[in-house]
Student: 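One structure follows; several queries about it will come next.
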Amino acid sequence: ESSGTRAERCRGRPARVIAMSLYGSGEANFAQGAVENAKAVSREYPGWVLRVYSSAGSEVTARLRAEGAEVVEMEEPEGIYGMFWRFLSASDECVQWAVFRDTGAFFK
């Protein structure tokens, strides 16, 4: 149950989110892509946060957080359902703007 105003609940939370999904094992190239994108977002997109919905494990999570990403830890999905996690940002009441990207789509 939420209490307080939207402004109170959202204080300190990102309003501009670039969201990605990272799931599956043995996909090191996707994990590295997410880390590289976290670096680029921090550097090139002030006021935006890279949010990664991930089941990739603690090592990748730590690397992403070290580069400024927000990580939402998820349980390993069955099949391809993990690719849709990034769209969860659309239902976050604190997010005013959301962009949805693949981990392999690099920011320049």
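All values below come from the heavy atoms of this structure, side chains included, with hydrogens, waters and symmetry mates left out.
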Student: Got a second to check how far R16's CZ is from L50's CG, nearest 0.5 Å?
Tutor: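 One finds 15.5 Å between CZ of R16 and CG of L50.
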Student: Evaluate the side-chain proximity of Q32 to R63: yes if any heavy-atom separation is below 4.5 Å, no if none is.
Tutor: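 With C-beta onward as the side chain, the pair touches.
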Student: I want to check something: taking the side chain as every heavy atom from C-beta on, are V41 and M20 in contact at a cut-off of under 4.5 Å?
Tutor: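 Of all side-chain heavy-atom pairs linking M20 with V41, none is under 4.5 Å.
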Student: Any link between Y45 and V99 through a network of hydrophobic side chains (Ile, Leu, Val, Met, Phe, Trp, Tyr) touching at under 4.5 Å?
Tutor: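 Cluster IDs for Y45 and V99 match.
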Student: Show the nearest heavy-atom pair for residues E93 and R6, with the distance to one decimal.
Tutor: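 Closest pair (atom of E93, atom of R6, distance): O-NH2, 2.8 Å.
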Student: Closest heavy-atom contact between S54 and V71?
Tutor: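 For S54 and V71, the tightest heavy-atom pair comes out as CB-CG1, 4.2 Å.
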Student: If you compare all heavy atoms of S55 against all heavy atoms of E75, which two are closest, and at what distance to 0.1 Å?
Tutor: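 Taking every non-hydrogen atom into account, CB-C, 4.0 Å.
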Student: Taking the side chain from S42 and the backbone from E67, do they hold a donor-acceptor pair closer than 3.5 Å?
Tutor: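 Indeed, once roles are kept as given, a pair shorter than 3.5 Å links the two residues.
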Student: If you count every heavy atom of other residues, nucleotides or ligands that lies below 6.0 Å from Y81 atom OH, does the total exceed 12?
Tutor: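 No, not enclosed.
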Student: Using the six-membered ring wherever Trp is involved, compare the ring planes of W85 and Y23 and label them parallel, tilted or perpendicular (cut-offs 30° and 60°).
Tutor: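 It falls in the perpendicular class, over 60°.
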Student: In terms of hydrophobic clusters joined by side-chain contacts under 4.5 Å, are L88 and F100 together?
Tutor: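 In one cluster with L88: F100, yes.
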Student: Determine whether F84 and V17 fall in the same hydrophobic cluster, where Ile, Leu, Val, Met, Phe, Trp and Tyr are linked whenever their side-chain heavy atoms lie under 4.5 Å apart.
Tutor: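 The answer is no; the residues belong to distinct hydrophobic clusters.
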Student: Regarding E36 and R101, does a basic nitrogen lie under 4.0 Å from an acidic carboxylate oxygen?
Tutor: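 A salt bridge is absent here (no side-chain N lies under 4.0 Å from a carboxylate O).
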Student: Tell me whether R51 contacts the main-chain N or O of V72 through its side chain, where contact means a donor paired with an acceptor under 3.5 Å.
Tutor: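 A pair under 3.5 Å: no.
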Student: Which pair of heavy atoms, one from L22 and one from A34, lies closest together, and at what distance?
Tutor: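 Minimum heavy-atom contact is CD2-CB, 4.2 Å.
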Student: Under a 4.0 Å N-O cut-off, is there an ion pair linking E8 with R11?
Tutor: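 Salt bridge absent between E8 and R11.
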Student: Which atom names give the shortest non-hydrogen contact between V49 and G68, and what distance separates them?
Tutor: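 Nearest pair, atom of V49 first, then G68: CG1-O, 4.4 Å.
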Student: Any side-chain to backbone donor/acceptor pair from S21 onto R86? Under 3.5 Å, distance only.
Tutor: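 Checked: pair present.
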Student: Could you state whether V35 and W48 fall into the same hydrophobic cluster, counting links through intermediate Ile, Leu, Val, Met, Phe, Trp or Tyr residues with side-chain heavy atoms under 4.5 angstrom apart?
Tutor: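 Cluster IDs for V35 and W48 match.
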Student: Do V95 and F87 belong to the same hydrophobic cluster, where Ile, Leu, Val, Met, Phe, Trp and Tyr are linked whenever their side-chain heavy atoms lie under 4.5 Å apart, directly or via other members?
Tutor: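 No; F87 is not reachable from V95 via cluster members.
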